[in-house]
Number of protein chains: 2
Amino acid sequence: MSDVSSIPPRPGLPAGAGAAAERRDAARNRERLLAAARELIADCGAEGLTMDRLAEHAGVGKGTVFRRFGSRAGLMLTLLSESEADFQARFMFGPPPLGPGAPGMERLISFGAERISYVMEFGDLVLAAEHASRGRFEAPAAVLWHRHIEILLREEGFGPDPWLMAGSLAATLDPERLLSLVKVHGVSPERLTASWRDLVTRVVRGA
Amino acid sequence: MSDVSSIPPRPGLPAGAGAAAERRDAARNRERLLAAARELIADCGAEGLTMDRLAEHAGVGKGTVFRRFGSRAGLMLTLLSESEADFQARFMFGPPPLGPGAPGMERLISFGAERISYVMEFGDLVLAAEHASRGRFEAPAAVLWHRHIEILLREEGFGPDPWLMAGSLAATLDPERLLSLVKVHGVSPERLTASWRDLVTRVVRGA
DNA sequence: ATAATAAGCGGACCGTAGTCCGTTTAGATG
DNA sequence: CATCTAAACGGACTACGGTCCGCTTATTAT
């Protein structure tokens with residue numbers, strides 16, 4: 001496994017602040033790699049993207065790819081990070097009913113609905129991002145959703161074990177499951193959303 | 001991906017019946033391989049078992065291993081098949097409250113409890129069996145549990161979409177999640193079982 | 001401008017799952 | 001027993017993710 005702490009600082013941060021700034025050539029290579037990755041995914045799908053092909057297509061060495069992103073999953077995560085951050089911002093700070101201001105119940109329902117939409121849009125990328133790194137349940141984003149659901153459950157006065165129940169509800173939104181339902185069984189996203197609403201309603205109802 | 005239909009017939013069937021019987025040397029090699037696999041797993045854990053090492057340890061060629069089991073996941077599945085079949089028999093034909101005879105509600109609760117025990121006992125094997133083959137939700141065993149839960153839900157008069165709800169409940173018992181909870185977060189299996197009971201109760205209660 | 005330093009770089013290398021195909025052999029047939 | 005054929009065999013081969021380490025270069029200090 002790669003050492004997470006060795007992954008260089010994110011772009012977009014104020015250049016002077018924090019740890020040592022990124023070298024020019026490194027930044028240029030990152031842009032090249034991301035562009036090449038998006039291109040390859042557009043052409044061959046996320047599964048068709050291999051690290052060797054990416055390196056070649058971007059005109060850099062393979063070592064550089066891994067230095068940048070740590071792993072294939074890390075690359076996919078980077079590709080997703082923009083939309084991911086957007087999603088997180090929306091459910092934490094955005095307008096109701098997803099964001100604060102609506103009752104917990106409605107926020108829970110919205111959360112599931114939005115997550116389902118998200119998976120429908122970025123499904124294969126999400127899958128590729130999960131498939132590598134050890135423990136999809138320890139990923140920062142997953143932890144955040146878990147806490148979010150837990151908080152909403154507590155807000156609704158959920159009784160015995162909000163933390164575990166939050167995990168169970170989150171497990172219900174597993175991307176691989178959602179995609180399998182839609183792609184293999186032809187279930188409509190609307191039906192998924194309805195089922196989520198039903199589940200949440202039953203779980204929260206009465207304590 | 002390997003062609004499932006090419007996997008040879010199971011042992012234990014009456015020798016004369018059905019498709020062509022298995023050749024002696026093939027049978028002998030399967031036994032050797034299974035014995036070697038169990039040995040390796042006992043020594044190094046399921047993760048320590050590689051197909052090359054298995055082939056070497058069993059004194060056969062690598063091709064033979066794949067001819068027998070199709071894939072690493074197939075091998076793991078074979079290793080699990082005995083206990084798996086036992087589990088299936090118990091919830092389908094065994095004594096209540098797990099088997100028929102008890103109310104659907106109690107059978108549901110028992111099902112989760114037993115599944116949790118099962119994962120606690122064979123966790124790493126189950127994980128290894130899942131990790132490879134495309135679509136853990138299409139595996140025969142998974143389909144069976146899904147149907148089982150669905151039937152119990154219907155028996156309890158569950159309303160809108162028993163099939164999807166059954167899938168959601170099953171997703172809650174995902175082995176990777178359960179193992180992560182126990183091994184990473186130190187949650188006790190009893191607490192898992194209690195949470196499952198709570199979830200099922202809330203879901204079924206009142207329609 | 002020059003030297004010093006650390007970050008970045010490339011691609012050979014490794015372990016693993018899975019495939020391919022020429023060779024061997026069990027078991028059926030006469 | 002001799003022959004024949006399909007199944008089984010073995011191990012070289014591929015593709016892939018990931019690591020390693022000696023070389024190069026951007027940046028900073030003098």
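Since this is a predicted model, take the numbers as computed values, not measurements. Letters go in sequence order (proteins before strands), and every chain restarts at 1.
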Within the structure, does a side-chain N or O atom of A:N29 lie under 4.0 Å from either OP1 or OP2 of C:dC9?
->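 Result: yes.
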Can you find a side chain N or O atom of A:T64 that sits less than 4.0 Å from OP1 or OP2 on C:dG8?
->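 No, no such contact exists.
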Of all the nucleotides listed ([options]), which has the minimum atom distance to the side chain of [X]?
X: A:R68; options: C:dG8, D:dG18, C:dA17; result: C:dG8
X: B:D25; options: C:dA17, D:dA8, C:dC9; result: D:dA8
X: B:K62; options: D:dC9, D:dG11, D:dG18; result: D:dG11
X: A:E22; options: D:dC16, D:dG10, C:dG8; result: C:dG8
X: A:R67; options: C:dG8, C:dG10, C:dA26; result: C:dG8
X: A:R72; options: C:dT25, C:dC9, D:dG18; result: D:dG18
X: B:S71; options: D:dG10, D:dA6, C:dG18; result: C:dG18
X: A:R23; options: D:dG17, C:dA17, C:dA6; result: C:dA6

Qualifying salt bridge (Lys or Arg N to Asp or Glu O under 4.0 Å) pairs with a residue from residues 108-120 of chain A, counting only residues at least two apart or across chains =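 Only A:R90-A:E114 qualify under salt bridge (Lys or Arg N to Asp or Glu O under 4.0 Å).
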Taking the inter-plane angle between the rings of A:F91 and A:H148 on a 0 to 90° scale, is it parallel (under 30°), tilted (30 to 60°) or perpendicular (over 60°)?
->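 Tilted.
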Using 4.0 Å as the upper bound for N to carboxylate O, is an ion pair formed by A:E156 and A:R107?
->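 Not counted as a salt bridge, because no side-chain N and carboxylate O are separated by less than 4.0 Å.
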Can you name the residues that form a ring-ring contact (aromatic ring centres under 6.0 Å, His included) with B:F66, not counting sequence neighbours?
->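 Partners of B:F66 under the ring-ring contact (aromatic ring centres under 6.0 Å, His included) test: none.
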B:H57: ring-ring contact (aromatic ring centres under 6.0 Å, His included) partners, not counting sequence neighbours |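 None.
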Using the test salt bridge (Lys or Arg N to Asp or Glu O under 4.0 Å), find all partners of [X] that sit at least two apart in sequence or belong to another chain.
X: A:D174; result: A:R136, B:R136
X: B:R53; result: none
X: B:R177; result: none

Quick one: [X] [atom1] to [N] [atom2], roughly how many Å, whole number?
X: A:E56; N: D:dC16; atom1: CD; atom2: P; value: 12 Å
X: A:L54; N: C:dG10; atom1: CG; atom2: P; value: 12 Å
X: A:F69; N: D:dG17; atom1: CZ; atom2: P; value: 14 Å

With DNA chain C as reference, determine whether B:R28 or B:R53 sits nearer its 5' end, using the nearest nucleotide of each.
->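 Taking each residue's closest nucleotide, the earlier one in sequence belongs to B:R53.
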Base, sugar-phosphate, or nothing for A:R24, non-hydrogen atoms under 4.0 angstrom?
->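 Result for A:R24 = sugar-phosphate.
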Which ones in residues 32-43 of chain A lie close to DNA chain C, meaning a heavy atom under 4.0 Å from one of its atoms?
->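 Under 4.0 Å from DNA chain C: no residue of residues 32-43 of chain A.
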Return the set of residues passing side chain to side chain donor-acceptor pair (under 3.5 Å) with A:R38 (not counting sequence neighbours), or none when no residue passes.
->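 Partners of A:R38 by the side chain to side chain donor-acceptor pair (under 3.5 Å) criterion come out as none, since no residue qualifies.
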Anything under 3.5 Å between a protein N or O and an N or O of nucleotides 28-30 of chain D, put it in a table, one pair a line.
none

